[in-house]
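Comments concern the structure below.
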Amino acid sequence: MYKAPRGTSDILPQEQGYWRYIEEKASSLCQLYGYERIDTPAFEDARLFIRTIGPGTDIVEKETYTFEDRGGNPITLRPEGTAPICRAYIEHGMHNQPQPVRLYYFASIFRYERPQKGRFRQHQQFGFEALGSSDPTLDAEVIDMSWQLFASLGMGHLSLLLNSIGCKLCRPNYLERLKEYYSQHIPRLCPDCKQRLKRNPLRLLDCKKPSCHDIAESAPRSVDHLCPECKEHFENVIRHLSLLGIPFEKSHRLVRGLDYYTRTVFELQPRGEEGAQTALGGGGRYDDLIEELGGRPTPAIGFAAGMDRIVLNMKQQGISPYPPETFRVFVAYLGEKAKAESVKLTAELRRAGIAAISSFGDRSLKAQLRHANALGVPHTIIIGEDEVGSGTVILRDMTKGEQKPFKRGEIVHVLESMKL
RNA sequence: GUGGGCGUAGCCGAGUGGUCUAAGGCGCCAGGUUGUGGCCCUGGAGAUCGAGGGUUCGAAUCCCUCCGCUCACCCCA
């Protein structure tokens, strides 16, 4: 028996409503804010991600699907959405467009991880990016959008966490202070944190172990070590968010996993759910990324949300999506002549834009109606030998349980005018 | 990569060494008079009890190995 590969899953028809709901709300939000859709390939040159995400990060070290194609080219399945967009920005000379360039996307993301609740090897992300400006109003715009996204989905009880981790000028200094501080507490650190101290000191701050909690709480804070420019930038972001009435919480322990983030970082998560894979979305500035990829120095900021996690959360909160799409008319028949007529009528209905399917096989009318009922169609057309003879069809209203004959030539029009 | 929990028909699930050639429910198929659904009744199909090995006179039930699922850690959406 074949099964979907580990960490992947089928989105079955009855689940599709959730996804369509999110896609529609997200797209119209982006439209409202002046963002345009972009789609990039599911795979890229492997080097694009190694350079941008950071050679020391877990994503690159052990979580990418990387292989050589038949031409010997190093390929990586997209493990995140921002780097490909920066690549496209550079490749298509978007710096010649009015800045900032506002883009959004829906993308499959691939990471070779051990699956658990809300974490998969293939998942869907929705994200948006504003490239080409460092204005703090843009930070506020993107954060506002991400907040409105969840509002428009009807999802409440969220926390918006906000922090600034400085730029390439002030962060090294801060990291030194952080390492100094942590070096004094090495014996009390968990094994993971001992590793982090060497490899990725920023991540020390968001260790989930209770034993490391106090140490992280009283650690030096990045916001206290920002250079004057970053400090002013952060203050302006905060001022604009307050202006917009966005209820953020400053979180000095919020750091993001990807190396390219600068200055503003933020994350949205359900309130009171510490520990598990709860971040529904997050983002931040990446002012050096485009330059690192060979473009001109171009500051930018973006956000991405995990659609699988949103679906999970909608279910938890009891938010019902759209009902599954279905057809409107089932055409039942009795006898060979009626069968031919049924196939013909079904085609006519479809040409007229009325979703319909014909019955099949040679089953009793009882069986056919039972089938129609199980499918939940509002209307069934019944064609028997008598109807073929008299040039009529029977239209049965499945919810009322009433039926009436109509002339064969008029039935399509009758259904058209009934527009449910 | 590490640790915990779990694996009985499409789904839920009883069963803890013999009465299991495996209960029940949902779903599916058919029938309950001649061409009519939803409720009800009856019948049917569908399970190598995750796989392999072992213990035993006898294993879905005990042991071992493997595989898978799941939750948590690492990390991330």
Side-chain angles (χ1 to χ4, degrees), chain A residues 1-9 12 14 22 53-54 56-64 79-82 106-127 146 149-150 190-196 199-200 203 206-209 255-258 267-270 274-283 302-313 330 332-335 338 359 361 363-388 394-403:
Chain A
M1 273 281 275
Y2 287 110
K3 296 201 292 195
R6 182 161 217 209
T8 69
S9 56
L12 299 172
Q14 60 267 32
I22 299 168
I53 299 174
T57 57
D58 275 21
I59 291 185
V60 161
E61 276 198 353
K62 55 181 198 196
E63 294 181 2
T64 55
E80 63 104 19
T82 300
F106 295 94
S108 289
I109 300 293
F110 304 88
R111 287 180 202 163
Y112 189 86
E113 307 183 87
R114 211 66 190 253
Q116 69 183 75
K117 188 174 187 181
R119 196 182 65 182
F120 314 101
R121 290 186 172 179
Q122 177 181 358
H123 74 275
Q124 288 294 122
Q125 282 189 13
F126 157 67
S146 64
L149 170 69
F150 292 102
C190 70
D192 288 327
C193 278
K194 285 176 182 160
Q195 281 301 311
R196 283 189 268 246
R199 299 183 39 174
N200 198 342
R203 294 218 66 90
D206 69 348
C207 181
K208 288 171 196 159
K209 298 248 172 15
V255 298
R256 308 266 312 151
L258 280 49
E267 198 167 286
L268 282 126
Q269 53 178 253
E274 296 295 317
Q277 311 300 313
T278 53
L280 292 172
F303 166 85
M307 295 175 70
D308 305 71
R309 287 185 184 174
I310 293 176
V311 171
L312 230 48
N313 214 268
F330 183 83
Y333 58 81
L334 284 163
S359 188
R363 310 205 289 169
S364 67
L365 186 59
K366 181 195 187 84
Q368 295 184 63
L369 283 173
R370 189 152 48 203
H371 190 69
N373 183 251
L375 293 171
V377 267
H379 294 283
T380 296
I381 286 173
I382 300 165
I383 310 174
E385 298 292 349
D386 297 350
E387 285 70 31
V388 174
I394 293 166
L395 177 61
R396 182 172 179 83
D397 183 321
M398 298 298 282
T399 47
K400 289 185 189 153
E402 294 164 1
Q403 61 188 42

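Note on naming: letters A, B, ... go to the chains in the order of the sequence lines (proteins, then strands), and numbering restarts at 1 for each one. As the structure is a prediction and not an experimental result, all values here were calculated from the model. Worth knowing before you read on, the calculation uses all heavy atoms, side chains too, and leaves out hydrogens, waters and symmetry mates.
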Margin query: Can you tell me which nucleotide in B:C69, B:C76, B:A30 comes closest to the side chain of A:Arg111?
Written below: B:C76
Note to self: Can you list everything that forms a side chain to side chain donor-acceptor pair (under 3.5 Å) with A:Arg121? Sequence neighbours excluded, please.
What the structure shows: none
Check: Does the side chain of A:Ser108 come within less than 4.5 Å of A:Met307's, by heavy atoms?
Finding: no
Item checked: Identity of whatever pairs with B:G3 - Watson-Crick or G-U, under 3.5 angstrom -> B:C71
Item checked: Side-chain donor/acceptor of A:Glu387 to backbone N/O of A:Gly384, under 3.5 Å -> yes
Notebook entry, point to check: Can you find a heavy atom in the side chain of A:Phe126 that is under 4.5 Å from one in the side chain of A:Ile22?
Noted result: no
Next item on the list: Would you classify A:Ala367 as touching base, sugar-phosphate or nothing, given that sugar-phosphate means primed atoms plus P, OP1 and OP2, and contacts are heavy atoms under 4.0 Å?
Entry: sugar-phosphate
Margin query: Just the rounded figure in Å: distance from P of B:C76 to CG of A:Asp206.
Written below: 8 Å
Check: Over how many whole Å does the gap from A:Glu113 atom CD to B:C73 atom C1' extend?
Finding: 13 Å
Checklist line | Whole-angstrom distance between B:A9 and B:G24, as gauged at atom C1' | finding: 13 Å
Notebook entry, point to check: How would you label the contact of A:Phe120 with the nucleic acid (heavy atoms, under 4.0 Å): base, sugar-phosphate, or nothing?
Noted result: base
Margin query: Nearest heavy atom decides the nucleotide; on that basis, is A:Asp192 or A:Ala304 closer to the 5' end of RNA chain B?
Written below: A:Asp192
Notebook entry, point to check: Using atom C1' of each nucleotide, how far apart are B:U36 and B:G25 to the nearest Å?
Noted result: 28 Å
Notebook entry, point to check: What integer distance in Å separates A:Arg203:CZ from B:C73:C1'?
Noted result: 13 Å
Checklist line | Side-chain heavy atoms of A:Glu80 within contact of A:Arg111, under 4.5 Å | finding: yes
Next item on the list: State whether a side-chain donor-acceptor pair under 3.5 Å links A:Thr8 with A:Gln122.
Entry: no
Check: Rounded to the Å, how far apart are A:Leu258 CG and B:C76 P?
Finding: 7 Å
Notebook entry, point to check: Is there a side-chain contact between A:Pro378 and A:Met398, using heavy atoms and a 4.5 Å cut-off?
Noted result: no
Checklist line | First encountered from the 5' end of RNA chain B, between A:Cys207 and A:Lys3 | finding: A:Lys3
Check: With the sugar-phosphate defined as primed atoms, P, OP1 and OP2, and the base as all remaining atoms, what B/S/- string results for nucleotides 34-47 of chain B, 5' to 3', for protein heavy atoms under 4.0 Å?
Finding: -BBBB---------
Note to self: B:U70, OP1 or OP2 - any side-chain N/O from A:Gln116 closer than 4.0 Å?
What the structure shows: no
Next item on the list: Go ahead and name the base partner of B:C39; Watson-Crick or wobble counts if both distances stay under 3.5 Å, otherwise write none.
Entry: none
Notebook entry, point to check: If every non-hydrogen atom of A:Gly281 is compared with every non-hydrogen atom of A:Phe303, which pair is closest and at what distance?
Noted result: C-CE1, 3.7 Å
Check: Expressed as a whole number of Å, how far does the C1' atom of B:A51 sit from that of B:G7?
Finding: 11 Å
Next item on the list: Can you tell me, in whole Å, how much space there is between the C1' of B:C12 and that of B:G17?
Entry: 27 Å
Notebook entry, point to check: Using purine N1 to pyrimidine N3 plus N6-O4 or O6-N4 for Watson-Crick, or N1-O2 and O6-N3 for G-U wobble, each under 3.5 Å, what pairs with B:A45?
Noted result: none
Item checked: Interatomic distance, A:Arg114 CZ vs B:U2 P [rounded to whole Å] -> 7 Å
Check: With a 3.5 Å cut-off and just heavy-atom distances, do the side chain of A:Arg256 and the base of B:C75 make a donor-acceptor pair?
Finding: no
Next item on the list: Could you tell me the separation between the CG atom of A:Leu375 and the P atom of B:G27, rounded to a whole number of Å?
Entry: 14 Å
Margin query: Would you measure the distance from the C1' atom in B:A77 across to the matching atom in B:G3 and give it in whole Å?
Written below: 24 Å
Next item on the list: Specify the separation, in whole Å, of atom CZ of A:Arg6 and atom C1' of B:C69.
Entry: 8 Å
Notebook entry, point to check: If only side-chain N and O atoms of A:Ser364 are considered, is one of them under 4.0 Å from the OP1 or OP2 phosphate oxygen of B:A30?
Noted result: no
Check: How many Å lie between OH on A:Tyr112 and P on B:G1, as a whole number?
Finding: 6 Å
